[in-house]
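All chains are named by letter (A, B, ...) in the order of the sequence lines, taking the proteins before the strands, and each is independently numbered beginning at 1. Quick caveat, the model's predicted, so the values are computed rather than measured.
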Amino acid sequence: MDENITWHPSRHASRAELGDQPHPHFLWVATFGISRQLHRWIFRDRGRADLDLVCAALALGLVVDRTCLNFERGPERLVDRGAVDVKGSTLKNAVEAHGWIGVILSVPLFIVFWTGSVTLFYPELSRWAALPFTPQSSVDHQSPRLGPLLEEKLQELPHRPESRLSLTLAGESFPLLKLYVPLDKSKSKTGEDHAHLLIDPSTGRTIAEDDPFQFAYFIYALHYNLKLPQGLYIVGVITLFFLVMLMTGLVIQFRILLRDFFHYRHNKGPRMRAHDLHTVAGVMTLPFAMMYALTGLMLNLSVLFYAPTVMLAYAGDESAMMTEAGFARPQRKWTGRAFPTPDLDLLIAQVERENSAKLFRLSFQNYGDESAFIRMSGLTDTGFGRRKDFYYEVATGTFPAEFNSNEPHIFRDGVTSLDALHMGKFGGPGVRFLFFVLGVGVCAMIVFGNILWLAKRETKLREYKKTIALIRSLTIGGCTGTVVATFLGFTLERLLPLQFLARAEIIEVVFLLTLGSSVVAGFFVKHVTKFLAYSAYLSAALLSLLIVSDLALVGPQLFALSSGHRNVLPVTLGLTLSAALLVWLGRGAFRTSTWAARPNKRSAGQ
Amino acid sequence: MEFIFITVGLQVVWWSSVLPYLSSKRQRLLPRPIPRIFAWAGFVAGMVVSCSLLARVHHPTSAIVYGLSVVMVSWILLVLGTSHSEHKFQVLIWGTGFALLTAVLG
């Protein structure tokens, strides 16, 4: 076993190195006692939950102290005394747990992080995909008004009037109006239960009856549910284990965290480099990864506290809980008495002016009825979360205070802030760019962790060649396959004719086939770094094809640089930069094409 | 004006992040590490200044998260850049360029 790449107690600072300091147990006990007294004094009027929390934190501190910190004495000395069994120690268990959980969950975790990083640019990618449909509006052209346009489109469809319909406005994320209408399936010509129209806002013409550009959304769906049944909860559980990995990683690195913070041995061979890259990326992106683990956990497994709260505290009354949580929604029944819809353009202008907001979607409840409500969703210039919903009651022409409270609400504001933090919505594209770089850093950490695990086990478990090859194919093949499949998907998004009926489905199938092919190829490769290098070259080639296609097919729209196109050109520039970076990485991987997991000559000869 | 605030703010974060690196025993830019107290004091002061500048454009919490994100990326860039670059000081130019690119994006 290569001791350079696995944790070895003797590498950690011993007590002698640190100086003969007193044992810190008494400090913990003293802190515990003082904290209990302070807590009774400060929180005496509050519930026992606070007390339990403080006690739990201190108990955890004691546990950590009794396990990890004991290594300050130097493990050999403790073993000699019989005080600690190193084989059964917390640290060794942490290393094992970290490695096994990591290798088992690496591919879904990689997919979640990679697709999440790409999804940060969802608005830009959606707009980039829809470039062929970008309307060429002229200055003297009068755009149709939204109210009559909506009325006209609804008359053409057998819609269910009491159901909710939504109109996504043309803007920075998409150049066209998107109208989603639930249909009466028995009267629908297509047999579908909904229509999803794309409308040119400058002419009012319906361009497509279904959105052909679905790949950015597919990537987003992969991020939060992996396109699996009950995927939301599966991703939630994966996120939970990711949190465990972060904690075990922290325990492993705890003693040398500060000392080796900037430690990277680039000239000590590929295995050592993989180890240091895994550690550097893990330690430096720790706050970022921790933030994503916690916010992801809360977003995906919120059902764990949502369902019991509704059942136990609100006796099944979901509406009452949502109201108290700050998410009151109007629930009105269809009356059958017609009522005219107000001028939507004037209404939008009024809300945007009075609230310094930019609206992006209108949702209609009971459209055309006296009980109608319009929910207007937008982004404001103030606050961290920025997103805000405005509820307009059509019959009274007002914004009822019960649904439009401007008072701070700790739960509602907290949830909005978590969502903004997770999706990088709280800042501009610069913040999302930084989050993307850090997200790719976490992906790199996962890949180097896999290489490291394989390197260690390949040497130890030479008799299980096929098992190791299978794990290699599932991990390295799966991770690189995800990247290649993503770039291939975007290339097809540009190149496939728009007339293809199952265009979106074809791209999704190609994505999955590419991922599967990469997993199969990973089973047969003998040189991991060469495999990584070829994957990087292939990705760069696909991106180059994509850039050429962009210039050839949508060049004029791309360089028009009108206000609506400005966020599209950076996508093509970003893809160009990514292609150059992939070539550079491929070259680097090719140069060090000594397989990281190759058994070294010394151990092979033994 | 917003662009200036963001540009100056991000440059201050970048150069502040260089200081703790230079105080580390693992740094590769100087013959000897600089004093730790000076480095960390400079880092904290720089972060306060940069977050104040960024907070003139973004929400204060956004400004802090923005600043911390730049710190994380900067430290990764410093570690990898100084190790793999033939001219070690080139990494300072890359970092400046990276901060400028982020500022241009907004």
Legend entry - Considering all heavy atoms, the nearest A/P287-B/M72 contact: CD-SD, 3.9 Å
Legend entry - Residue pair B/V65 / A/V431, side-chain heavy-atom distance below 4.5 Å: no
Legend entry - CZ-CZ distance between B/R26 and A/F261, expressed to the nearest 0.5 angstrom: 13.0 Å
Legend entry - Closest non-hydrogen atom pair, A/G430 against B/Y66: CA-OH, 3.8 Å
Legend entry - Shortest non-hydrogen contact between A/R265 and B/R28, atoms and distance: CA-NH2, 4.4 Å
Legend entry - Distance, nearest 0.5 Å, that separates NE2 of B/H59 from CZ of A/F426: 11.5 Å
Inset, instruction - Name the region of B/V70, side chain, backbone, both or neither, that has any atom closer than 4.5 Å to a heavy atom of chain A. - result: both
Legend entry - Stepwise side chain to side chain contact (heavy atoms under 4.5 Å, CB included) test for A/L434 and B/F98: CA-CA 10 Å; A/L434 288 169; B/F98 182 83; 3.6 Å; yes
Legend entry - Exercise: identify the closest heavy-atom pair between A/M284 and B/I76: SD-N, 3.6 Å
Inset, instruction - Could you tell me whether B/Q90 atom CD has more than 12 heavy atoms of other residues or ligands within 6.0 Å of it? - result: yes
Legend entry - Other residues, nucleotides, ligands: >12 heavy atoms within 6.0 Å of B/W94 CH2: yes
Legend entry - Flag if over 12 foreign heavy atoms under 6.0 Å of CE, A/M298: no
Legend entry - Greatest number of heavy atom pairs closer than 4.5 Å to chain B - which of A/V283, A/L438, A/V437, A/T285: A/L438
Legend entry - Nearest-0.5 Å distance, OG of residue B/S69 to CZ of residue A/F435: 4.5 Å
Legend entry - Which portion of B/L101 sits near chain A, non-hydrogen atoms under 4.5 angstrom: side chain
Legend entry - Shortest non-hydrogen contact between B/H84 and A/Y264, atoms and distance: NE2-OH, 2.6 Å
